[in-house]
Amino acid sequence: MTTSIAESAARRPVFTSGAGLLGVGVIGAGVMGGFHARLFGAGIGGARLAAVSDPDRGRAAAVAAGAAVFEDGLALIRDDAVDAVLVAAPDAAHHGLVIEALRLGKPVLCEKPLAATLPECREIVAAEGGRGLVSTGFMRRFDPAYREMKAALAAGQVGVPLLLNCAHRNQAAPGWFTGPMIVTNAMVHEIDIARWLLGAEYVEARIAEVGAQGDMVLAELVTDLGAVVRIEVFMNAAYGYHVQTELVGRAGSVTMAEPALTRLRSAGAARAAYPSDWIGRFAESYRAQDQAWVDGIRSGQPDAALASARDGLRATDYCLQLVEMLAAGGCGTLTPAA
Ligand code: ISE
């Protein structure tokens, strides 16, 4: 028997922590956790920031805006003022934190990747048991540009999809980035968004590193509907953070416009600025995703665009298959995780 978010929540004294607002605890106060904490601090409708945790207490306090501060994420999860948990700890810590939240029946939004290994992802899906308590933070699903592409496809404006061309460039790889993370932490976004846009699974792939530094990877994946997804991830693109996607169909194509809001024409040249990181590009998507997550918990009707635990499992599984493929020479078949 499955249990909806609303049913699970009803078994706990939920929303009693503060004026009928959902008390959200944010685990991790690094780039992502700090950003989510600020979003909740600034106001996500129906929610309040109840707590922030980080092993560096000062870092948590800096974004807690008066909410409780913990050094230990597990202690935050167990706090009665915390009704729902946003996990933005390092990738390797996701599994233990999500499992504890599930043990207590608390809804979780876990930053991608859902977990670092396939057995861990599977354990999360099993522990959730169809209760709809876990969402995976694939915020691009809330980006207006990707949504317009999906709408254009659904309206038949581009015809049968043939090719999705994706570029994903970071200005500079973060210090904590290690080898396979270019696939499991960065390319995982394209793996998810292409599945979501095309409503397809992958069946075959080729993948290769470009250059000797391991900071650029190219992949070409064939879907079960026959379209090709071509992905470039470049971690040290120097000029800025840049995500570009084009969907080519039999009847037309839809391309993401450059994200800059303005174009400066001056001194014989035109100039549009690029943000330095993904928050600059996707700030509104994170806000919309966090709002949709809260609305889903409060109403018991999860937003259909939110990535589920199973979506998180699928994306990580494909990425781990791609990492193996890369090590083994570069091409082969892909199977969707059960
Ligand atoms: C980072 O971890 C993210 O999640 C960003 O969205 C992505 O663009 C970047 O490549 C990753 O390193």
Side-chain angles (χ1 to χ4, degrees), residues 26-39 54 86-94 109-116 121 135-147 164-197 207 209-210 213-219 229 231-245 256 258-259 274-290 293 305-307 311-312 315-316 318-320 322-323 326:
V26 175
I27 301 183
V31 178
M32 273 332 304
F35 184 67
H36 284 292
R38 282 195 202 91
L39 282 176
D54 196 280
L86 197 154
V87 174
D91 299 355
H94 288 185
L109 172 58
C110 180
E111 267 297 339
K112 44 81 345 204
L114 178 60
C121 290
S135 303
T136 309
F138 285 120
M139 81 301 179
R140 290 192 189 182
R141 294 171 173 222
F142 291 85
D143 177 59
Y146 280 115
R147 291 179 93 110
L164 192 71
N165 256 318
C166 312
H168 174 167
R169 301 183 188 140
N170 280 268
Q171 190 168 38
W176 41 264
F177 232 73
T178 56
M181 285 180 104
I182 190 168
V183 177
T184 59
N185 187 286
M187 190 180 283
V188 69
H189 279 294
E190 276 73 23
I191 296 296
D192 178 71
I193 203 72
R195 272 187 78 226
W196 178 76
L197 268 176
I207 182 162
E209 264 175 24
V210 180
Q213 294 184 32
D215 59 357
M216 183 188 273
V217 168
L218 290 183
V229 177
I231 310 172
E232 167 214 321
V233 178
F234 184 18
M235 294 305 299
N236 288 306
Y239 68 87
Y241 182 82
H242 187 193
V243 164
Q244 177 55 258
T245 306
M256 219 175 244
E258 293 295 299
Y274 287 98
S276 58
D277 68 12
W278 58 91
I279 291 185
R281 168 66 182 82
F282 288 109
E284 172 50 25
S285 317
Y286 284 110
R287 197 204 55 73
Q289 169 197 255
D290 291 1
W293 176 57
L306 272 174
D311 289 324
T316 289
Y318 284 126
C319 286
L320 293 173
L322 288 169
V323 167
L326 189 59

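Whatever order the structure lists ligands and atoms in, that order sets their numbers, starting from 1. Keep in mind it's a predicted model, so treat the numbers as computed, not measured.
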For atom 3 (C) of ligand 1, find the nearest protein heavy atom and state the residue, atom name and distance (0.1 Å precision).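 Going by distance alone, atom 3 (C) of ligand 1 is nearest to Lys112 NZ, 3.5 Å.
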
Closest approach of any protein heavy atom to atom 6 (O) of ligand 1, naming residue and atom
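Atom 6 (O) of ligand 1 sits closest to the protein heavy atom His189 NE2, 2.9 Å.
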
*Kindly indicate whether the side chain of His168, heavy atoms from C-beta on, has any atom under 4.5 Å from the side chain of Met187.*
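With C-beta onward as the side chain, the pair stays apart.
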
Residue [X] vicinity, atoms of ligand 1 by number, heavy atom under 4.0 Å:
X: His168; result: 7 (C), 8 (O), 9 (C), 10 (O)
X: Phe177; result: 12 (O)
X: Tyr241; result: 7 (C), 8 (O)
X: Ala186; result: 10 (O)

Spacing of CE belonging to Met139 relative to CZ belonging to Arg281, to within rounding of 0.5 Å
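The distance works out to 8.5 Å.
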
Do you know which two heavy atoms are closest between His94 and Ala89, and how far apart they sit?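 Closest pair (atom of His94, atom of Ala89, distance): NE2-O, 2.8 Å.
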
### Message
Under the rule for side-chain contact (heavy atoms from CB on, under 4.5 Å), what residues qualify as partners of Leu306, not counting sequence neighbours?
### Response
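In terms of side-chain contact (heavy atoms from CB on, under 4.5 Å), with neighbours along the sequence ignored, Leu306 is linked to Ser135, Phe142, Gln289, Trp293, Asp303.
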
Please name all residues satisfying side-chain contact (heavy atoms from CB on, under 4.5 Å) with Glu209, sequence neighbours left out, ordered by chain then number.
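If we apply the side-chain contact (heavy atoms from CB on, under 4.5 Å) test to Glu209, skipping adjacent residues, the hits are Val217, Leu326.
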
Original post:
Is the shortest N/O to N/O distance between Asn185 and ligand 1 below 3.5 Å?
Top reply: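 Between Asn185 and ligand 1 (N or O atoms, distance only) the closest approach is under 3.5 Å.
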
Flag for Tyr146-Arg140: side-chain donor and acceptor within less than 3.5 Å: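 Yes.
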
